[in-house]
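Worksheet: one structure, shown below.
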Protein chains: 2
Amino acid sequence: MRELKQLPNSLTKSIADNQRGQVDRDGADVSADINRFRLISGYRSGDRRIEAGRDLFSIGSPEDAIFNLLDGWVALYTLLEDGRRQIVQFALPGAVLGLFPTRGAQATFGAQALTDTVLCVIPHSKLSEFTRDEPDIAMRLARSLARDCNLAFDHMTSIGRRSARERVAHLLLELFVRYRAQWPGHRIEEMCLPLTQEQIGDATGLTFVHVNRVLRVLRKERIAEFHYRRLRILDPDKLIEIAGIDPQIAMAWLDQRPGS
Amino acid sequence: MRELKQLPNSLTKSIADNQRGQVDRDGADVSADINRFRLISGYRSGDRRIEAGRDLFSIGSPEDAIFNLLDGWVALYTLLEDGRRQIVQFALPGAVLGLFPTRGAQATFGAQALTDTVLCVIPHSKLSEFTRDEPDIAMRLARSLARDCNLAFDHMTSIGRRSARERVAHLLLELFVRYRAQWPGHRIEEMCLPLTQEQIGDATGLTFVHVNRVLRVLRKERIAEFHYRRLRILDPDKLIEIAGIDPQIAMAWLDQRPGS
DNA sequence: CGCTGAGTTGAAACATGTCAACCGGTGTGG
DNA sequence: CCACACCGGTTGACATGTTTCAACTCAGCG
């Protein structure tokens with residue numbers, strides 16, 4: 001299993017630019033208002049930046065704060081003793097991370113920044129205070145967790161019951177739809193997907209060798225291209241068909257922000 | 001794919017008896033105080049009973065109430081168009097079901113009673129009222145969802161990265177530990193596990209034929225026996241080793257009740 | 001007494017993993 | 001400035017775990 005290292009600087013920089021939408025290929029200005037992903041607007045102890053490749057928290061870290069992801073991509077992952085790795089979820093801006101089942105428990109999964117990221121940090125000591133003042137917040141938290149759960153269930157179904165080809169198509173489509181939902185009204189069929197083939201493998205339960213083969217076929221069939229962190233959907237209908245997506249479920253992905 | 005039908009009456013009855021702990025093989029009286037699994041004690045619109053094999057809610061049902069499972073086993077499952085099925089979670093007493101990512105959304109997964117069950121039903125119309133009166137409840141809800149998420153991540157890791165043998169061992173151990181945690185101080189290595197081999201397959205992402213082979217080997221190796229809904233752990237250490245469980249994670253299973 | 005659901009078993013097919021080699025780009029150190 | 005190491009990707013040959021298909025048992029039930 002290859003080690004996970006940092007991306008070359010030039011790449012992460014261009015990813016971050018693309019991520020923030022400052023420049024895009026059709027020239028439209030889609031600058032992000034970062035605050036639209038902020039769950040708790042008033043209360044915060046300050047934003048934190050994490051550079052690509054670092055962990056927001058690792059397996060075994062104590063629960064000390066919850067994070068509201070404002071910008072960037074994050075992968076949640078688990079590890080087995082012998083190094084096998086499973087990416088269990090991709091978090092996009094708006095996500096809430098770091099709430100565990102019991103107060104002060106240790107994390108059973110890690111969270112790694114795939115790009116440079118910006119977080120809003122809410123220390124645990126303040127959380128109960130907020131929820132008391134504004135009871136709505138805890139409910140939004142719960143809804144956010146429910147969304148994560150739904151995504152996880154969907155993912156699990158993919159890994160457990162779909163073929164390699166279906167899994168890869170499903171993941172590409174999921175990430176494409178979720179990403180595009182962040183830029184409403186902005187219709188592009190191309191995006192920056194800050195993943196390696198190995199990470200796609202870790203998310204789909206496949207080896208990177210096999211992911212490569214599947215991607216090659218999809219490319220040859222002119223359905224989708226993924227190359228060096230750029231994803232281009234050539235035939236959306238075909239991809240949806242392969243992924244076996246119920247439009248119902250696709251709709252659930254569209255609403256990334258909790259509480260709405 | 002075989003259809004899922006009801007269990008024979010005699011079996012479900014004995015399961016329910018065992019579940020309620022009215023009689024156990026060592027003669028100890030372990031009658032359940034059903035109320036210890038009640039999340040919201042005061043407010044309720046009444047308990048509901050669901051018989052084994054029926055759905056608490058199905059895929060596509062609207063969110064109208066949340067359920068607090070008080071007694072019995074429930075399987076959460078998803079379906080693909082062609083009938084492939086994935087069990088994404090097993091819910092035990094104390095679980096909270098039916099909160100979806102957006103108000104009034106439709107369920108993307110179903111919930112099927114594996115035994116006769118008892119639920120406390122809290123209609124959605126009352127939920128906001130409760131959380132306003134007692135802000136703590138929403139937070140306990142969130143913690144409960146966080147636990148479900150953790151379980152789902154763990155499950156996903158199993159399906160994505162473990163071999164068939166490891167997956168089956170892991171599932172048996174998970175259910176054993178979670179079940180036993182409900183009867184503190186009660187040390188038995190035998191339990192009623194109200195599943196068919198096909199359901200184990202649906203939970204682990206395997207075919208029931210292969211599950212059968214794996215179980216047969218585990219039986220021959222005198223590690224664990226599963227036969228007609230009785231599970232007996234013969235060599236716990238060996239099973240833990242095969243399952244590749246981090247004791248850390250096992251501890252997280254132990255606390256089934258939210259908010260503690 | 002036949003039917004049905006669950007479990008069991010074997011043989012063959014096939015999807016995916018493993019191992020190994022090689023390519024091109026990027027950063028790095030001499 | 002070049003040589004080198006390293007990472008991510010690509011490809012082929014082969015190994016193997018799991019599925020598929022099919023037949024058969026057993027128990028409970030009408």
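Convention: sequence-line order gives letters A, B, ...; per-chain numbering from 1. Everything quoted here is computed from the prediction, not taken from an experiment.
Nearest to the side chain of B/Y228, among C/dG7, D/dT18, D/dG9, sits C/dG7. Among D/dT18, D/dG8, C/dG17, the nucleotide with an atom closest to any side-chain atom of B/A164 is D/dT18. Proximity note for B/T207 (side chain, C-beta onward) versus D/dT18, C/dG7, D/dT20: the nearest is D/dT20. Listed nucleotides: D/dT20, D/dT10, D/dT18. Nearest to the side chain of B/S163: D/dT18. Closest to the side chain of B/V209, from the set D/dT20, C/dG7, D/dT19, is D/dT20.
Side-chain atoms of A/L119 and A/L69, non-hydrogen and from C-beta on, do get closer than 4.5 Å to each other. You'll find the side chain of A/H155 reaches within 4.5 Å of the side chain of A/E174, heavy atoms only. Between A/E241 and A/K238 there is a side-chain heavy-atom pair separated by less than 4.5 Å. A/L114 has its side chain within reach of A/F90: a pair of non-hydrogen atoms, C-beta onward, lies under 4.5 Å apart.
Rounded to an integer number of Å, the gap from CD of A/Q199 to C1' of D/dG9 is 14 Å. In this structure, A/L206 places its CG atom 14 Å from P of D/dT18, rounding to the nearest Å. Distance NE2 (B/H227) to P (D/dA27): 9 Å, rounded to an integer number of Å. The interatomic distance linking A/L215 (CG) with D/dG8 (C1') rounds to 13 Å, in whole Å. Spacing between atom CG of B/D82 and atom C1' of D/dT20 amounts to 15 Å, rounded to whole angstrom units. Straight-line distance from the CG atom of A/D202 to the C1' atom of D/dG8: 14 Å, rounded to whole Å. Taking atom CD on A/E198 and atom P on D/dC7, their separation rounds to 11 Å, with Å as the unit. Counting to the nearest Å, the C1' atom of C/dA15 and the CZ atom of B/R84 are 13 Å from each other.
When heavy atoms are screened at a 4.0 angstrom cut-off, B/G205 is found touching the sugar-phosphate backbone but no base atom.
Here A/R219 reaches the OP1 or OP2 of D/dT10: one of its side-chain N or O atoms lies under 4.0 Å away. The phosphate of C/dT8 (OP1 or OP2) has a side-chain N or O of B/Q197 nearer than 4.0 angstrom. A close approach under 4.0 Å does occur between a side-chain nitrogen or oxygen of B/R216 and OP1 or OP2 of C/dT9. For D/dT11, neither phosphate oxygen OP1 nor OP2 lies less than 4.0 angstrom from any side-chain nitrogen or oxygen of A/H210. Using a 4.0 Å cut-off, some side-chain N or O of A/N212 falls inside it from OP1 or OP2 of D/dT10.
One finds the NE2 atom of A/H210 at 9.0 Å from the OG1 atom of A/T204 (value rounded to the nearest 0.5 Å).
Among A/L172, A/L231, A/I233, the single residue meeting the side-chain contact (heavy atoms from CB on, under 4.5 Å) criterion with A/M191 is A/L231.
Comparing the end axes of the helix from C/dC1-D/dG30 to C/dG30-D/dC1, each fitted to five base pairs by superposing C1' atoms of four pairs onto the next four, gives an inter-axis angle of 30° (nearest 10 degrees).
Relative ring orientation between B/W73 and B/Y179 is described as parallel, the plane-to-plane angle staying below 30° on a 0-90° scale split at 30° and 60°.
Salt bridge present: A/R161 and B/D202 bring a charged side-chain N and a carboxylate O closer than 4.0 Å.
Contact annotation: side chain of A/R213 to base of C/dT18, donor-acceptor pair present below 3.5 Å.
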